[in-house]
Structures are given as C-alpha cells and as structure tokens.
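Have a look at the structure below before the remarks.
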Amino acid sequence: MTTQNRIKASRRAFISTSMLAVGATMLPHLSAGATTGTRARKSRFTLWQLPLHQTATQGNSYVFRTDNGQIVVMDGGMPSEAEYLRGFLAMLGNSVEAWFISHPHIDHIGALNEFLKSPGEIRIKTVYHSPLSEEFYNKVEPDNRNITDEFYKNLKKTGIQVVDITAPGLTVDIDRVTFKILAVKNEEFTNNAYNNSSMVVKVWDAARSAVFLGDAGVEEGKKIMNSSLFDEYNCDFLQMAHHGQNGVNRDFYRAVKFNACLWPTPLWLWNNDPGTGYNTGKWNTVETRKWMDEIGIKKHFVAAEGLCVI
Ligand SMILES: [Fe+2]
C-alpha cells in the first residue's frame, strides 16, 4: 500500500471507530457519561483514551491536545493498533511534541515501534522514557528481550530527540500543561520486572490533573508509597495500573486521593471473561472494580467502551 493510501485507510479506520464510539452502548457498571468526560472549562488540554478494538489484546494508549494544538502521546498501544493511532494523529496534524513511554512491553511500545520503522507523515519531536539497561533486559524476561532491543535500536536510528530518564522529578511544560515524571525504572525488582519498572507521569494544568501508572506492580506501588513524591499522586483521573488488574495493590488505591478511573482495559479483561462467562477467568479486574466501589469512585472511563474524551 502506498503512503497516501495508508493515510487514507488510517483516516477511514479512525472515523469509523470514532463514529462507533459516539454511538457506543454503555457497559454495565459504568456511570452515565462515561464515554464523554467532564472537561473543566478552564482546562488547557483535551485527553483521549484510545479504544481497544483488538479483542485479544490489551493496549495502553492516550493522546493529549493542548488548546494551542500541541500533541502529546502516552505509550500508544500494540503494533496492531498503530494504523488507528496513525489515523488519529493525522487528524490532529501529524506532529507530536512529546511521546512518553511507560515501559517497553509490546502493548505499550508496539505502535511507536511501527512508526519508528515506517514514520509516514508523522513527526515526533521528543521521546521520554526510562530505558532498561541491557544487562537487565537480557536477564529478566527473555520473551521480551528481542522487541526491547529492537525498539531501543530503532529509537537511536531515527534522529528523534530521546530523553533518557534515570530519576524522578523532570517536568516538561507544553502550552502551560505540565508533565512530571514521578517514578522511573526499578531494576532492583526482578519479579514482574518490566511492569515494576513503569515510568509514572503526572499531567496537570490549572484546572485538573491525571496520573498514568503504566503497568506498575505491587512492588513499585509500595516503593512509590514510601517516596517523597507520594503526595503528588493525588489527582482527578488515575490510570489503573496494569490495565486494571494485578497492578499496584488495594492499599495504594486507598492511599491516593482521586476522583475518576482511566481503564486501558478491553471487554474480556474488564469482565474477567475468557469466553466462559463473567468473572470466570484468571484476572483480578472484578476485584479492582470492587476496590473502587469501596473507595466510592463513581466515574469510570473504560477503553472497552470506545474512544473516551476526557
Ligand atoms: Fe501493559
């Protein structure tokens, strides 16, 4: 397919899925208004949680647009979601000011890796990530070694500015929207190693805030709770760790003050249903949902439902 045809196909896919999202039926357990958020009037950014339309996968993909038109991407999802994202970014002008990567699992870097190999019209100014050391990724998760290696090599080849982050604290201001790195890789954790090395990012302006936990696991969550930055995790919108299950623990969620959940969660995972019925699978999503009920969180944005505008 030529580049022009690919862009046209991407736009068609974007428009078609967007239209589906607008007409989406509300999932059980979701509060009214879940697909469209309550953007505060004075907020300087729009945030989209991209839909998960590949039923067997669980991507993680968020796009920001500031009121002056600057675009920022968080992760980007699976390789199979790249063409949807390409269409989405084309509609926004194809120029990405900043791209934040939580960790190099394929459901987080896959789409970006496709763009690095075949950029098309997309221009990316800066990628921010907390790269795993070669020694670490050669050792901890052999199945993920090759894609990690390929992704890091592709990043170096492109000429895109890459910021390697080794300590929390960096802030990036884009049109008076602030992105702050609250946590970085933790190579002391060799259990659930990649997930526990999720780079955590907080985003805010004068009106509202969101925290993106990536796939942070129990160990990273405990470390965060003991860190001097923990107060900064309080926010309006909290991205549920590891797609809503088997991430940070109940104590973490109870200790953070937040008002709404962002769930990068497909339907089968939302319902813990591998095809044998509700809550019959091996995943803990229903339990996490119960934790949220206990805390009193009423607003949920679930990627299974379609494109969420926040
Ligand atoms: Fe993930």
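Numbering of ligands and ligand atoms starts at 1, following listing order.
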Open item on the list: Please name the atom of H108, limited to N, O or S, that comes nearest to the Fe ion (ligand 1).
Closed with: NE2
Task: Residues, nucleotides or ligands: over 12 heavy atoms within 6.0 Å of K222 NZ - done: no
Task: Metal site the Fe ion (ligand 1): N/O/S of H242 inside 2.8 Å - done: no
Open item on the list: Angle between ring planes, F64 versus F179, binned at 30° and 60°: parallel, tilted or perpendicular?
Closed with: perpendicular
Task: N, O or S of H103 under 2.8 Å from the Fe ion (ligand 1) - done: no
Open item on the list: Can you confirm whether or not the ring centre of Y152 sits under 6.0 Å from the ring centre of Y137?
Closed with: yes
TODO: Taking the six-membered ring of W270 (Phe, Tyr or Trp), confirm whether the NZ or CZ of R289 is under 6.0 Å from its centre and within 45° of its axis.
DONE: yes
Task: Angle subtended at the Fe ion (ligand 1) by OD2 of D215 and OD2 of D107, nearest 10° - done: 160°
